[in-house]
Amino acid sequence: ATTSKISEEQLHYCQQRGLSAEEAVQYLHEKDKTANRPAKRSDIYMISDVGKDESAIKCKACLAEKPNDPFRRNVFNQVKSNKAAYEEYRRVSRYLERPDVTCPNQNCTSHTQNAKSKIKKAGTTKAGTQRYRCGHCNKSWTADRSEKEFSRPEINKQFFKQLVSKTPFKRIIDIYDLSMPALYRRIDFIHRQCLRFVAEREQRMSEKTYDRMYLCTDSQVQISNWTDRKIKKNSEFYCIGTADLRSGYVLAFNINYDGDVDPSDVEQQAFLRGDNQKKRHDRHFARLWLQHEFEQNKVHSSIIEQIPDWNNLTVDERKDAVAALKSSSEDYNAYKQLPHKGMAVHNEYSIIAHLLLVKQLTRNVEKTRFYLDQDTGLKTWYLAVFADLVKQRRSDAFHVAFDKGLTIDERNRIYGQCKKDVEAFSGFAFNLLAKNQTLKSVIAQMMKPAVANAQNPSTQDDCWVKTPSPSMAEPNKKVSAITDIANLDLDHQAHLYRIGGLHAIDRFFSQIRRKVAMFERPISPSSNAHRVWYIYSPYNPRMYLVLGDIFRVYYNYCQKSDKDGETPAMRLGLARGIVPIEQIIYHGRYQK
């Protein structure tokens, strides 16, 4: 990095920002003799191999400017399958689909723009489930199946509370004298009711308008137990969540796992389709972890081993190739295995689908501000999903970093020093500032020099703005802008840097680990060769999906804050009061 100041001309964003290859109306040229397509070169992009099965797309304009601009953003990204991203988005957003408004036939003319809906009721099944028929394609389908009455319905409310109170399944069985199959049937029933309830509430977001929404996104890792004692290897899953900073409402919580697919069937179809001979983005099952991919990943544990002609590449080419492969943000090694039930989803497609779902839920928000953890891939796929809104200046993103793993004594010391700095700057006692609501403006004034310096940095460190606000949860917090906010005045920029944080989603992660036994963090002994077995971790990873959905609904609608007595849904305007658990369990029997 150079020590000289970088001019504003060098810091400009690329003129091709957000422009897709399809919009460029050009065919990209890739060295693939079997590709049956014109081999025209694009004036905007180029594609090159960065691994045995990977390709990267590069921006020619950024490549030309990069040697003269050490602060140039990444000029390359891995090529991904749009089809796979859409499939994963449909999976995570399925709960929002209403059977009486959407035809399941994707080739139906009802999906075309301005097409009128011709869906009508078409009687019921023998079990009493409502049927529907589309007037365009004449396809019929059923709604969610009707729920039969459970014996002992009086235990449903307490059963629900046990699930979100860190009660192990064996203990629940003892308390209510249930069999294990009966336990799972009741959990599935509560899960379906939770999804029906939250789908109706979150569809109301499309009827409301919001001027601003400040969101934070982070991820955590969950590990399931092995099912074979001869092969003591865990399966690892990534959970990604996004929460509203003001209300604390968790808009989405998704896991890179699909429990509705059969691994043996998918592996057989993938073999017949020749997926193992194709680039990853060209495969029919591009979103799913296949066994041959997993074996290759274990063999090539080093990223350098995956890059052909490493010794013949320049320094910049090596950096580009390594960064492109790292954007997958997955680490399946010799100590891990794929799940025996269901299939793991490639993490990048899980991130894309999650962000697409958040974009769908916030479509009526005039402007969104995202605060992202520095997890690999989050920035990349945010810029891909929200490219149109970023260009319209309706969405901005920031990176957030703070010191993790500190002891309580270290946090107290940092907190105390921050209070002293605020008092020294303002000349008033910290408690007086907080009581008179002037603390925010004082902190914004303290940040202005760093904010101004971030617009014209000398080094990479100058791109980060340290927040002097005292915080036990996020000590030594600093924020860096990902998108261009230079058009905003200095006060507005300082405000955006000041409010940035991950505390809303981190609070949810902390709560789900404390209140749902299966999500508690396991402990790996140093003598156990990276193997982890935890008595509460599930053997079937599907339980992460089910209990995660149930707790998200409980957290948003039923769990009130000790400070103001309100739930996140109340603050966001999706509920008038604390929702009784009975209203969720028996959703559909209450007047809307």
A.B. asks: Salt bridge or not between Lys404 and Asp506? Use side-chain N to carboxylate O under 4.0 Å.
C.D. replies: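 Salt bridge flag = no for Asp506 with Lys404.
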A.B. asks: Do Ile352 and Glu88 have side chains that get closer than 4.5 Å, going by heavy atoms?
C.D. replies: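 Answer no - side chains too far apart.
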A.B. asks: Side chains of Asn254 and Arg91: closer than 4.5 Å at any heavy-atom pair?
C.D. replies: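 No; the side chains remain at least 4.5 Å from each other.
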A.B. asks: Please find out if less than 6.0 Å separates the ring center of Phe519 from that of Phe509.
C.D. replies: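 No, the ring centres sit 6.0 Å or more apart.
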A.B. asks: Do Glu520 and Arg513 pass the salt bridge (charged side-chain N to carboxylate O under 4.0 Å, His left out) test, and can you show the C-alpha distance, the side-chain angles, and the key distance before you say yes or no?
C.D. replies: CA-CA 4 Å; Glu520 185 170 339; Arg513 287 196 185 277; over 6 Å; no
A.B. asks: Going by atom types only, do Thr368 and Thr362 share a side-chain donor-acceptor pair under 3.5 Å?
C.D. replies: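 Side chains of Thr368 and Thr362: no pair found under 3.5 Å.
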A.B. asks: Verify the distance criterion only: is there a donor paired with an acceptor across the side chains of Asn276 and His292 at less than 3.5 Å?
C.D. replies: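 There is no such pair between these side chains.
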A.B. asks: Asp260 pairs by salt bridge (Lys or Arg N to Asp or Glu O under 4.0 Å) with which of Arg90, Arg94, Arg542?
C.D. replies: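 Only one of Arg90, Arg94, Arg542 forms a salt bridge (Lys or Arg N to Asp or Glu O under 4.0 Å) with Asp260, namely Arg94.
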A.B. asks: Do Asn256 and His346 make a side-chain contact, defined as non-hydrogen atoms from C-beta onward lying under 4.5 Å apart?
C.D. replies: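 No, too far: nothing below the 4.5 Å cut-off.
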A.B. asks: Do other residues, nucleotides or ligands put more than 12 heavy atoms under 6.0 Å from the CD atom of Gln203?
C.D. replies: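 Atom CD in Gln203 is crowded, with more than 12 foreign heavy atoms closer than 6.0 Å.
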A.B. asks: Indicate whether any N or O donor in one side chain lies under 3.5 Å from an N or O acceptor in the other, for Tyr349 and Glu87.
C.D. replies: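 Not at all, the side chains of Tyr349 and Glu87 share no donor-acceptor pair under 3.5 Å.
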A.B. asks: Taking Tyr382 as the fixed residue, which of Phe398, Phe370, Tyr371 is the one that meets the ring pair (Phe, Tyr, Trp, His ring centres under 6.0 Å) rule?
C.D. replies: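 Only one of Phe398, Phe370, Tyr371 forms a ring pair (Phe, Tyr, Trp, His ring centres under 6.0 Å) with Tyr382, namely Phe370.
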A.B. asks: With distance as the sole test, does Arg201 use its side chain to make a donor-acceptor pair with the main-chain N or O of Leu574 at under 3.5 Å?
C.D. replies: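 Between the backbone of Leu574 and the side chain of Arg201 there is a qualifying donor-acceptor contact (under 3.5 Å).
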A.B. asks: For Ala286 versus Arg280, what's the shortest heavy-atom pair and its separation?
C.D. replies: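 Scanning both residues completely, I find the closest heavy atoms to be CB-O, 3.3 Å.
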A.B. asks: Under a 3.5 Å threshold, yes or no: a donor from one side chain and an acceptor from the other, between Gln392 and Asp388?
C.D. replies: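 No, Asp388 and Gln392 have no side-chain donor paired with an acceptor closer than 3.5 Å.
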A.B. asks: For residues Ala353 and Ala85, report the shortest heavy-atom separation together with the two atoms involved.
C.D. replies: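 Scanning both residues completely, I find the closest heavy atoms to be CB-O, 4.5 Å.
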A.B. asks: Looking just at side-chain N and O atoms, do Asp275 and His284 make a donor-acceptor pair shorter than 3.5 Å?
C.D. replies: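 No, no side-chain donor-acceptor contact under 3.5 Å.
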A.B. asks: Give the minimum heavy-atom separation between Leu545 and Gly259, together with the two atoms involved.
C.D. replies: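 Where Leu545 meets Gly259 most closely, the heavy atoms are CD1-N, 4.3 Å.
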A.B. asks: Does any N or O in the side chain of Arg363 come within less than 3.5 Å of the main-chain N or O of Gln360, such that one atom is a donor and the other an acceptor?
C.D. replies: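 Yes; at least one donor-acceptor contact below 3.5 Å.
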A.B. asks: Quick one: OG on Ser140 to CD1 on Ile119, what's the gap to the nearest 0.5 Å?
C.D. replies: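 Rounded to the nearest 0.5 Å, the OG-CD1 separation comes to 12.0 Å.
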A.B. asks: Quick check on Lys341: does its NZ atom have over 12 non-hydrogen neighbours (other residues, nucleotides or ligands) under 6.0 Å away?
C.D. replies: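 Count not over threshold, so no.
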A.B. asks: To the nearest 0.5 Å, how far apart are CZ in Arg369 and CZ in Arg394?
C.D. replies: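 Rounded to the nearest 0.5 Å, the CZ-CZ separation comes out at 11.5 Å.
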A.B. asks: Checking salt bridge (charged side-chain N to carboxylate O under 4.0 Å, His left out) for the pair Arg283/Glu293: CA distance, chi angles, key distance, verdict?
C.D. replies: CA-CA 12 Å; Arg283 293 170 182 170; Glu293 291 180 283; 3.0 Å; yes
A.B. asks: Walk me through whether Phe551 and Phe253 qualify under ring-ring contact (aromatic ring centres under 6.0 Å, His included).
C.D. replies: CA-CA 10 Å; Phe551 185 78; Phe253 179 63; 8.8 Å; no
A.B. asks: Considering all heavy atoms of both residues, which atom of Leu361 and which atom of Met205 are nearest to each other, and what is their separation?
C.D. replies: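 Scanning both residues completely, I find the closest heavy atoms to be O-CE, 3.5 Å.
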A.B. asks: For the CG atom of Asp396 and the CD1 atom of Ile482, what is their distance to the nearest 0.5 Å?
C.D. replies: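 Here the rounded value is 10.0 Å.
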A.B. asks: Would Ile187 and Met543 count as a side chain to side chain contact (heavy atoms under 4.5 Å, CB included) if you check the C-alpha gap in whole Å, the side-chain angles of each, and the deciding distance to 0.1 Å?
C.D. replies: CA-CA 9 Å; Ile187 290 175; Met543 296 313 299; 4.0 Å; yes
A.B. asks: If you define the side chain from C-beta out and look only at heavy atoms, does anything of Asp549 sit under 4.5 Å from Cys194?
C.D. replies: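 Contact flag for Asp549/Cys194 side chains = no.
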A.B. asks: Nearest 0.5 angstrom please: Phe508 CZ to Cys239 SG, how far?
C.D. replies: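 One gets 9.0 Å once the value is rounded to the nearest 0.5 Å.
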A.B. asks: Under 4.5 Å between any side-chain heavy atoms of Leu572 and Tyr210, yes or no?
C.D. replies: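 Yes, at least one pair of side-chain atoms sits under 4.5 Å.
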A.B. asks: Locate the shortest heavy-atom distance separating Ile505 from Cys216; write the atom from each residue and the value.
C.D. replies: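 The pair with the smallest heavy-atom distance is N-SG, 3.5 Å.
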A.B. asks: Please tell me if the side chains of Leu378 and Thr217 come closer than 4.5 Å, counting only heavy atoms from C-beta onward.
C.D. replies: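 Yes, their side chains come closer than 4.5 Å.
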A.B. asks: Rounded to the nearest 0.5 Å, what separation is found between the CG atom of Leu338 and the CG atom of Leu290?
C.D. replies: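 Nearest 0.5 Å value for the CG-CG distance: 8.5 Å.
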A.B. asks: Between Ala243 and Gly248, which heavy-atom pair has the shortest distance, and what is it?
C.D. replies: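 So the two residues come closest at CB-O, 4.4 Å.
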A.B. asks: To the closest 0.5 Å, what do you measure between CG (Asp282) and NZ (Lys83)?
C.D. replies: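 Rounded to the nearest 0.5 Å, the CG-NZ separation comes out at 11.0 Å.
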A.B. asks: Under 3.5 Å, is there a donor-acceptor pair between the Gln222 and Tyr257 side chains?
C.D. replies: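 The answer is no; no qualifying pair exists.
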A.B. asks: Please determine whether a side-chain nitrogen of the Lys or Arg among Glu202 and Arg552 lies less than 4.0 Å from a carboxylate oxygen of the Asp or Glu.
C.D. replies: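 Arg552 and Glu202: salt-bridged.
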A.B. asks: Check whether any side-chain heavy atom of His399 lies under 4.5 Å from a side-chain heavy atom of Val479, and answer yes or no.
C.D. replies: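 Not touching, per the 4.5 Å side-chain cut-off.
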A.B. asks: Kindly determine whether Thr483 and Leu383 satisfy side chain to side chain contact (heavy atoms under 4.5 Å, CB included), including the steps that lead there.
C.D. replies: CA-CA 9 Å; Thr483 54; Leu383 292 174; 4.0 Å; yes
A.B. asks: Measure the shortest side-chain to side-chain distance between Val92 and His354 over non-hydrogen atoms and say whether it is less than 4.5 angstrom.
C.D. replies: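 No, every pair of side-chain atoms sits at 4.5 Å or beyond.
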A.B. asks: Apply side chain to side chain contact (heavy atoms under 4.5 Å, CB included) to Leu372 and Val400, showing your working.
C.D. replies: CA-CA 6 Å; Leu372 311 176; Val400 178; over 6 Å; no
A.B. asks: Between Tyr89 and Lys359, is a side chain to side chain contact (heavy atoms under 4.5 Å, CB included) present by the stated rule, with each step listed?
C.D. replies: CA-CA 11 Å; Tyr89 164 69; Lys359 186 178 182 180; over 6 Å; no
A.B. asks: Kindly say whether Val250 contributes a backbone atom to a donor-acceptor pair with the side chain of Asn556 at under 3.5 angstrom?
C.D. replies: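 It does hold such a pair.
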